Amino acid sequence: MTPEPPPPSPRPAATPAEALSAMDDLIAASMIGQQEMAQRLGLNVTDLTCFGYVLQAGEDLLTAGDLAAHVQVTTGAVTGILNRLERAGYVTRRADPQDRRRVRVAAVPSAVARVYALYEPHYARLNALFAEYSVEEIAVLTDWFTRATALANAYREELRLSHDRSE
């Protein structure tokens with residue numbers, strides 16, 4: 001018989017202001033951490049972010065246009081990003097089988113291994129932290145992360161549009 005896991009420890013009460021402050025701290029730590037990870041991999045943060053989207057897509061290879069939409073840059077800027085990633089040995093470009101005018105971006109397996117080796121200890125710690133939460137709490141966290149990401153993307157788009165109108 002498998003022993004029951006211990007009950008989760010009670011969560012401390014927090015106000016929305018305290019949650020926003022904690023979120024700001026997480027974002028700052030993540031931004032600094034991404035910079036450190038990018039440096040260790042010989043990339044800049046934008047290029048690492050694009051490579052992350054390539055990894056996230058897996059076998060469903062992204063186009064340059066897909067990457068431009070994800071990071072909200074022009075297709076010309078993505079061409080520069082892909083050139084750097086290709087020169088650094090992170091990606092290869094493959095002709096799109098449905099439309100030969102487009103290319104799809106594939107991760108180079110040795111680069112995937114380098115990135116995973118760097119990120120795996122951090123993700124293992126995050127998974128251990130998630131293990132301290134109930135299924136219901138993880139559902140709430142996932143919902144919050146998803147909705148907060150959508151809000152951030154929408155606000156970034158509003159800022160971009162208002163800037164474009166003011167020029």
Side-chain angles (χ1 to χ4, degrees), residues 2-41 43-75 77-78 81-82 85 90-91 104-107 109 111-165:
T2 307
E4 288 283 321
S9 58
R11 307 285 175 228
T15 66
E18 290 168 327
L20 282 172
S21 178
M23 181 191 72
D24 286 343
D25 290 343
L26 173 61
I27 290 169
S30 295
M31 289 173 64
I32 293 165
Q34 283 299 94
Q35 182 64 44
E36 177 72 23
M37 299 288 204
Q39 283 179 328
R40 289 178 183 268
L41 292 166
L43 300 172
N44 65 48
V45 172
T46 302
D47 294 0
L48 178 58
T49 300
C50 280
F51 188 66
Y53 284 121
V54 170
L55 291 177
Q56 193 176 48
E59 295 299 314
D60 187 22
L61 303 182
L62 299 175
T63 66
D66 296 330
L67 283 172
H70 278 301
V71 292
Q72 295 190 344
V73 298
T74 65
T75 53
V78 156
I81 292 166
L82 291 176
L85 286 170
Y90 281 84
V91 301
R104 298 220 171 244
V105 182
V112 173
R114 285 195 312 272
V115 170
Y116 276 95
L118 189 60
Y119 275 87
E120 189 56 37
H122 178 61
Y123 275 73
R125 292 171 186 169
L126 288 172
N127 279 318
L129 181 61
F130 279 127
E132 296 177 15
Y133 290 83
S134 70
V135 172
E136 294 81 10
E137 288 172 319
I138 291 174
V140 169
L141 289 169
T142 302
D143 176 66
W144 194 92
F145 290 144
T146 302
R147 293 171 63 195
T149 300
L151 285 172
N153 287 335
Y155 185 64
R156 190 175 66 221
E157 180 66 11
E158 286 175 32
L159 290 174
R160 188 185 65 76
L161 290 173
S162 70
H163 179 265
D164 289 351
R165 282 192 294 266

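A quick note: this is a predicted structure, and the numbers were derived from the prediction, not measured. Values below: all heavy atoms of this structure, side chains included; hydrogens, waters and symmetry mates excluded.
Checked against side-chain hydrogen bond (donor to acceptor under 3.5 Å, both in side chains), E120 has no partners two or more places apart in sequence or in another chain. The side-chain hydrogen bond (donor to acceptor under 3.5 Å, both in side chains) test applied to Y116 returns no partner, not counting sequence neighbours. Residues passing the salt bridge (Lys or Arg N to Asp or Glu O under 4.0 Å) test with D25: none are found, sequence neighbours excluded. Applying the salt bridge (Lys or Arg N to Asp or Glu O under 4.0 Å) test to R156 and every residue at least two apart in sequence or in another chain returns nothing. Under the side-chain contact (heavy atoms from CB on, under 4.5 Å) criterion, A152 pairs with no residue, sequence neighbours left out. R125 is linked by a side-chain hydrogen bond (donor to acceptor under 3.5 Å, both in side chains) to nothing, counting only residues two or more places apart in sequence or in another chain. Under the side-chain contact (heavy atoms from CB on, under 4.5 Å) criterion, A69 pairs with no residue, sequence neighbours left out. A search for side-chain contact (heavy atoms from CB on, under 4.5 Å) contacts involving L126 returns H122, not counting sequence neighbours. Applying the side-chain hydrogen bond (donor to acceptor under 3.5 Å, both in side chains) criterion to Q35, with sequence neighbours excluded, gives no partner residue. For E157, the salt bridge (Lys or Arg N to Asp or Glu O under 4.0 Å) partners are R160, not counting sequence neighbours.
A distance of 10.5 Å separates OH of Y53 from CG of L62, quoted to the nearest 0.5 Å. Atom CZ of residue F51 and atom CG of residue L43 lie 8.5 Å apart, to the nearest 0.5 angstrom. Rounding to the nearest 0.5 Å places CH2 of W144 at 8.0 Å from OG1 of T149. We find the CG-CD distance between L151 and E158 to be 9.5 Å, quoted to the nearest 0.5 Å. Taking CE of M37 as the start and CG of L48 as the end, the distance is 8.5 Å to the nearest 0.5 Å. The distance from atom OG1 of T46 to atom CD of Q34, rounded to the nearest 0.5 Å, is 11.0 Å.
By the 6.0 Å and 45° rule, R11 stacks over the aromatic ring of Y133.
Side chain of E18 to main chain of T15: a donor-acceptor pair is present (N/O by atom type, distance under 3.5 Å, no hydrogens or angles).
Between L67 and I81 the shortest side-chain heavy-atom distance does not fall below 4.5 Å.
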Passes side-chain contact (heavy atoms from CB on, under 4.5 Å), L55 versus V112? Steps please. CA-CA 8 Å; L55 291 177; V112 173; 3.5 Å; yes
Apply side-chain contact (heavy atoms from CB on, under 4.5 Å) to residues T142 and I138 and explain how you reach the verdict. CA-CA 6 Å; T142 302; I138 291 174; 4.0 Å; yes
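Surrounding CE of M31 are at most 12 heavy atoms belonging to other residues, nucleotides or ligands under 6.0 Å away.
The stretch residues 139-149 participates, sequence neighbours left out, in these salt bridge (charged side-chain N to carboxylate O under 4.0 Å, His left out) pairs: D143-R147. Residue pairs meeting the side chain to side chain donor-acceptor pair (under 3.5 Å) criterion with at least one partner in residues 56-66, sequence neighbours excluded, are T63-D66.
In this structure, F145 and F130 have perpendicular ring planes: the angle between them is above 60°, well past the 30° mark.
The two residues L85 and C50 make their nearest non-hydrogen contact at CD1-CB, 4.3 Å. Between A117 and P121, the shortest heavy-atom contact is O-CD, 3.4 Å.
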